[in-house]
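A short write-up of the structure that comes next.
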Number of protein chains: 2
Amino acid sequence: MATAQKPLRRDAPLAEVLERAQNADPRAVARLISLVEDDSPALREVAAALAPHTGRAQVLGLTGSPGVGKSTSTNALVAAIRKQDKRVGVLAVDPSSPFSGGALLGDRVRMQDHATDSGVYIRSMASRGHLGGLSWATPQAVRVLDAAGCDVVMVETVGVGQAEVDVASLADTTVVLLAPGMGDGIQAAKAGILEIADIFVVNKADRDGADQVVRDLNGMLRLGGRHAEAGAWRPEIVSTVASEGKGIDDVLTAIDKHRAWMEESGELHRRRLRRAAAEIEAIAVKTLRERMGDLRGQQALGSLAAAVVEGRQDPYVSADRLIDGLSSE
Amino acid sequence: MATAQKPLRRDAPLAEVLERAQNADPRAVARLISLVEDDSPALREVAAALAPHTGRAQVLGLTGSPGVGKSTSTNALVAAIRKQDKRVGVLAVDPSSPFSGGALLGDRVRMQDHATDSGVYIRSMASRGHLGGLSWATPQAVRVLDAAGCDVVMVETVGVGQAEVDVASLADTTVVLLAPGMGDGIQAAKAGILEIADIFVVNKADRDGADQVVRDLNGMLRLGGRHAEAGAWRPEIVSTVASEGKGIDDVLTAIDKHRAWMEESGELHRRRLRRAAAEIEAIAVKTLRERMGDLRGQQALGSLAAAVVEGRQDPYVSADRLIDGLSSE
């Protein structure tokens, strides 16, 4: 990502790590994102130090079903953004690794194309199940990359269920990838992606059925929803063959167009307010959950659970007791 | 589901709906599950009335990627369980419809095979994004079916990310479906399904590559994880062609075997305690979230969000303020 010459000592004080991260030292950035992944107590200090330096990066969300070509598309987009001489950070969030600590799809595999480029920082993150992985940790990692001077932060995740809602909630612009031959016509409708997509990319456009995917999308957009309102953004549909770099510039053009609309319409500010509210709420919920778990060494929750299993008490009354316990601690 | 003759009046009092649901009147069951979907204030009363009648049903989770044949497999399993003269409730949870009120995959489509069978109740539910759809609402719907006398409650959901973790956390036995030709070898590893599967079903076993999927699974199981511990359950691997009903009895046999192990080992009770604890916690978190949103008409969260967007305050400090506001209300 940049110019730091000295290695970062393992026992470097946080102040030094923070300073070096703000000067785009990739090792310092890595250290800070690891603190996020580890849910380190130092995060409060990190968040306080970074806050004044955030809010500059453009945040792009990229989502789609397995097999549509997300990694290839991300790589191609990174290359195209780099040609504009912008710094890029990529967070590849794997919401399907809830229990393990590390994403299986290693950073090294993904970084190949950009390994020697100091203007690109790529990081895989595993999101971790019940404590609200993506909703809590990813925005904090975005903050780190933002404060480290990334002009663009791309958050890539598998597009199913809550993960894609979360990615949409933290992005300025959400790109949904589709590909022919994956039943995506139906998947699109099922997945509620119409609600989150600012731009549709139909990848593998050289394959049979790509035109049909575009037609299906156009058909669904005509059916209305939030896009039918006056002054609303109508999602662009772009065809690509990411493996050959075809259409990637069109994706960037669509992103720029959406960005311009966001600024003109005031939607950018509204989205960032919503994102901050969601972020605050996620941290508050996480904190409250930890307190609930900690109540008298989990005994409170354990005995409430036993009462529910035995049918002696319903879960609503039990939840009330749990909440009462929070304030009497 | 059973024998109720009279239609259920729209304005029937809750007491009547509850009584009829406990007598397996499908219209009353539908009414109660709608209350869950609508997050009705009446749910507290419903939960209290049902609590003594729950804990009897065997809860099966069924999950897998789009296209592996979940609906077909569910239908075949329902038919096989019905031959044992057990009552079956099916909840098809669609975690990919976060914003819309209803699941697009209608109940009517899915019920075709069992429409005339009063021993089967099938219901699609949309889970709804940030308020913790599956984690909060699904266990309540399971309670309704349990109290209505279902011997088996099957919860079917798309197996990606948080949804499959949630379904595993509420099931006695979790069945993970795979199929050849979907990159499932890699998907399996990525998806952390080894952590949640009690039984693997390799569907479409008549297709090329099915043997390879079985080999891959066996290979991964040999690598260890929680299954390698002494006395642990080693997940069964069953091959099926659900569309022809092949192998379905083997799946039921594996489920019975797992059930027997669960009872012997004490794991059934432990899982149910964990499930109840998660359920209580989900309701408590939902309640606290509602209180946070309600704080002075959302103004508290709004002004905290503005401070974060402007870099004046970090999200941790903002979350502390939000929590402080809860107790001073």
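Each chain gets a letter, A, B and so on, in the order the sequences are listed, and its residues count up from 1.
- For B:E267 and B:R274, the salt-bridge test passes: some basic side-chain N is under 4.0 Å from an acidic carboxylate O.
- Across A:T54, A:L50, A:L304, A:V309, the residue that shares the most heavy-atom pairs under 4.5 angstrom with chain B is A:V309.
- The part of A:R143 that comes within reach of chain B is its side chain, from C-beta onward, which places non-hydrogen atoms under 4.5 angstrom from that chain.
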* List the steps, then state whether side-chain contact (heavy atoms from CB on, under 4.5 Å) holds for A:K286 with A:D39. => CA-CA 11 Å; A:K286 179 171 166 293; A:D39 192 12; 3.0 Å; yes

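- Note: B:I196 CD1 to B:T63 OG1 = 5.5 Å, rounded to the nearest 0.5 Å.
- Heavy-atom pairs under 4.5 Å with chain A peak, among B:A306, B:P52, B:P315, B:A284, at B:P315.
- Residues passing the side chain to side chain donor-acceptor pair (under 3.5 Å) test with B:H269: none are found, sequence neighbours excluded.
- Residue A:Q140 touches chain B through its side chain alone, counting heavy-atom pairs closer than 4.5 Å.
- Screening residues 41-58 of chain A for salt bridge (charged side-chain N to carboxylate O under 4.0 Å, His left out), with sequence neighbours left out, gives A:R44-B:D320.
- Proximity to chain B (any heavy atom under 4.5 Å) is shown, for A:L43, by both the backbone and the side chain.
- Heavy-atom pairs under 4.5 Å with chain B peak, among A:A307, A:S318, A:G55, at A:S318.
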